[in-house]
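Note sheet for the following structure.
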Amino acid sequence: MLCLVFMIKNASLNQYMPFWLSIFLAAVTIFYFYPDLSYARDRSCLALKGRGLLKININECIDLENRIGQLLVTHVDGNGESGSLISRDYLNLIRQYNVGGVVLQEGTIDPLVLRNRLQALQEQLPMPLFAAADYLDLKGGMIGLGWDSREIGLQWRNPRACLEKKAFLSGLLHKLSGINLAFGPIVENKYTSKYNEDEMNVGLVETLDNTDRLMGLSVINAYRQLGVFTTLKHFPFTPIAFNLHSKNLDTKIPKNQVMRVVNIFKELSADASFVMTTHLYDSLVDPTTIVTFSQEWLRILKSDLGFNGLIVTDALFMISEEDLKKMFIDMGSPDELKNGDIYAQFAARAILAGHDLILTEGHSGDFKTIFEGLLKIATGDATKAIQLRSRILESYNKIVLFKTTNSQILRKIPAYNASFFQQVANLVRSPNICRQTSEYDAIVKSVKDIDF
């Protein structure tokens with residue numbers, strides 16, 4: 001920038017300077033003074049080369065760094081420091097590592113502040129940023145997608161006739177907050193209430209609830225109109241009897257019974273852009289590993305159910321100790337993935353299985369550890385490293401195509417005033433939401449005047 005100022009102030013000098021040289025000097029100056037987005041990543045490649053661990057060309061490594069960043073979706077702290085929305089560490093991380101997406105979580109925040117921060121990020125990044133929320137407590141209402149009224153206050157299943165209205169309002173809260181990717185709807189059928197610690201083969205709900213279909217279709221359609229993409233979750237289902245955050249037991253459900261249930265994904269995924277898997281283990285479908293690392297489960301999703309969109313993992317740090325014991329079954333020699341910490345290995349396995357996006361948690365340091373570990377694995381010369389580079393390129397190309405095709409939608413955050421958001425939030429919280437037709441109609445009319 002100093003060079004640009006110097007040239008502008010010295011026009012007499014500029015007229016003797018060849019045009020291309022001016023452009024070259026300007027570019028060099030901007031590159032030098034502007035915070036280089038790739039500098040931190042390039043240092044990782046140079047460090048690997050210096051230690052003799054880099055088995056590919058240095059330029060290939062740098063290209064790989066850019067691709068890996070786009071495959072990662074990281075949680076960011078909604079509290080930040082000193083009252084800011086997103087901490088400086090996370091802001092730097094998003095820029096430096098070419099992060100593909102963020103999930104904002106925790107903390108009560110001002111939706112206008114969230115909107116402005118996400119707008120600034122979208123304008124600074126070369127590729128649009130996937131921006132999602134994990135049950136953010138906005139001033140005036142919760143934002144998220146699920147069945148539980150404690151999570152979002154919408155009580156989706158009561159009554160059914162109000163589903164489309166609730167879907168529109170929920171999507172509107174997302175869009176007004178700068179969110180362009182919703183981690184929902186939750187459309188899985190879960191276990192029946194019958195449960196015995198010693199007998200996991202208790203069966204699934206064998207008939208699909210029509211509310212599942214209606215809710216899923218209503219959300220997908222409403223969010224699409226508002227410019228928010230949806231993520232069906234969790235494929236194939238989440239056992240209601242235990243929490244995958246802390247326990248992962250063998251469900252032992254026969255494949256034909258599973259397929260009767262997961263067909264709901266086949267019906268709805270044709271209209272959805274994303275599907276999120278879960279850390280389920282079912283030895284009767286894939287005895288070797290959990291869904292997150294299973295090529296068989298993802299074959300079912302892609303081939304049997306015909307889903308061709310982007311596939312995202314559930315949060316990596318949710319994987320339990322039981323899963324650690326299953327980690328290298330079916331993966332060949334563990335030595336092929338020994339570089340990187342355990343969660344970098346998890347990320348590598350999920351990508352090899354066929355996932356396009358990897359959801360990470362923790363603080364910014366955890367993200368860097370996963371990123372650098374994944375890079376170390378992918379730049380090796382083992383068979384799995386070569387396969388991993390191929391899969392990273394495949395997913396990267398899918399992500400870039402999606403983001404390029406939908407760039408305007410992903411980057412667009414509508415302008416509005418605080419009173420309008422409050423109006424929407426108040427209606428969402430109202431116990432009489434389904435009967436407040438005039439209030440709803442007023443919001444719909446206002447939306448027509450907002451540039452979406």
Side-chain angles (χ1 to χ4, degrees), residues 70 73 94 99-104 109 111-134 136 138 141-145 152 154 163-185 215-233 268-276 309-310 312 356-357 398-418 420-421 423-425 427-428 440-452:
Q70 281 297 305
V73 179
I94 292 164
V99 175
V102 295
V103 185
L104 291 113
I109 63 173
L112 280 173
V113 175
L114 174 57
R115 174 204 176 280
N116 293 338
R117 181 56 57 86
L118 289 175
Q119 181 73 66
L121 280 173
Q122 293 288 10
E123 292 172 352
Q124 293 172 23
L125 299 173
M127 292 292 294
L129 183 73
F130 290 136
D134 192 7
L136 276 176
L138 302 176
M142 297 288 283
I143 184 171
L145 266 177
I152 55 174
L154 289 181
L163 281 173
E164 291 185 4
K165 180 184 293 186
K166 293 176 178 179
F168 181 84
L169 293 171
S170 177
L172 187 55
L173 284 178
H174 277 75
K175 188 64 176 180
L176 295 177
S177 301
I179 304 301
N180 58 29
L181 175 60
F183 279 166
M215 187 269 193
L217 290 171
S218 296
V219 167
I220 292 169
N221 291 332
Y223 278 49
R224 183 192 296 115
Q225 293 174 23
L226 293 163
V228 181
F229 296 96
T230 48
T231 308
L232 299 181
K233 65 177 189 180
L268 296 177
S269 64
D271 294 316
S273 302
F274 299 78
V275 164
M276 179 184 287
L310 296 170
V312 57
D356 302 302
L357 293 162
K398 286 177 63 177
I399 294 166
V400 169
L401 177 61
F402 184 91
K403 287 188 172 184
T404 302
T405 303
N406 300 287
S407 177
Q408 186 174 359
I409 298 173
L410 291 168
R411 290 191 189 275
K412 185 65 176 179
I413 302 178
Y416 63 95
N417 57 50
F420 179 68
F421 186 95
Q423 182 184 355
V424 178
L427 185 55
V428 164
Y440 177 77
D441 290 343
I443 289 174
V444 172
K445 183 178 179 181
S446 297
V447 166
K448 293 178 180 179
D449 298 327
I450 298 175
D451 182 13
F452 280 86

If we only count heavy atoms from C-beta on, is the [X] to [Y] side-chain gap below 4.5 Å?
| X | Y | answer |
| --- | --- | --- |
| Leu410 | Leu129 | no |
| Met127 | Ile399 | no |
| Leu310 | Thr231 | no |
| Tyr416 | Arg115 | yes |
| Leu173 | Leu169 | no |

Write down the atom of [X], the atom of [Y], and the distance for their closest heavy-atom approach.
| X | Y | result |
| --- | --- | --- |
| Ile179 | Ala131 | CG2-O, 3.1 Å |
| Thr230 | Gly184 | CB-O, 3.4 Å |
| Leu232 | Ala272 | CG-CB, 3.7 Å |
| Gly216 | Pro185 | CA-CG, 3.9 Å |
| Ser269 | Val275 | CB-CG2, 4.4 Å |

Excluding sequence neighbours, so at least two apart, what forms side chain to side chain donor-acceptor pair (under 3.5 Å) with [X]?
| X | answer |
| --- | --- |
| Asp451 | Lys412 |
| Asn417 | Ser419 |
| Gln119 | Glu123 |
| Asp271 | none |

Stacked cation flag Lys403 on Phe130, 6.0 angstrom / 45 deg: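 Checked: cation-pi criterion met.
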Where the side chain of Thr404 meets the backbone of Val400, is there a donor-acceptor pair that is under 3.5 Å apart?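 Indeed, once roles are kept as given, a pair shorter than 3.5 Å links the two residues.
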Value rounded to 0.5 Å, distance of [atom1] in [X] from [atom2] in [Y]:
| X | Y | atom1 | atom2 | answer |
| --- | --- | --- | --- | --- |
| Arg224 | Ser273 | CZ | OG | 7.5 Å |
| Lys233 | Phe183 | NZ | CZ | 7.5 Å |
| Ile450 | Leu176 | CD1 | CG | 6.0 Å |
| Leu121 | Asn116 | CG | CG | 11.5 Å |

Kindly write out the residues that satisfy side-chain contact (heavy atoms from CB on, under 4.5 Å) with [X], not counting sequence neighbours, or none if the list is empty.
| X | value |
| --- | --- |
| Ser407 | Pro128, Arg411 |
| Leu226 | Phe168, Leu172, Val447, Phe452 |
| Val228 | His174, Lys175, Ala182, Tyr223 |
| Gln423 | Phe420, Ala442, Ile443 |

Set of residues satisfying ring pair (Phe, Tyr, Trp, His ring centres under 6.0 Å) with respect to Phe229, sequence neighbours excluded: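 Listed in chain order: Phe402.
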By salt bridge (charged side-chain N to carboxylate O under 4.0 Å, His left out), Lys398 pairs with (sequence neighbours left out) Asp356
Audit row: Val73, Val103, side-chain contact (heavy atoms from CB on, under 4.5 Å) steps and yes/no: CA-CA 7 Å; Val73 179; Val103 185; 3.7 Å; yes
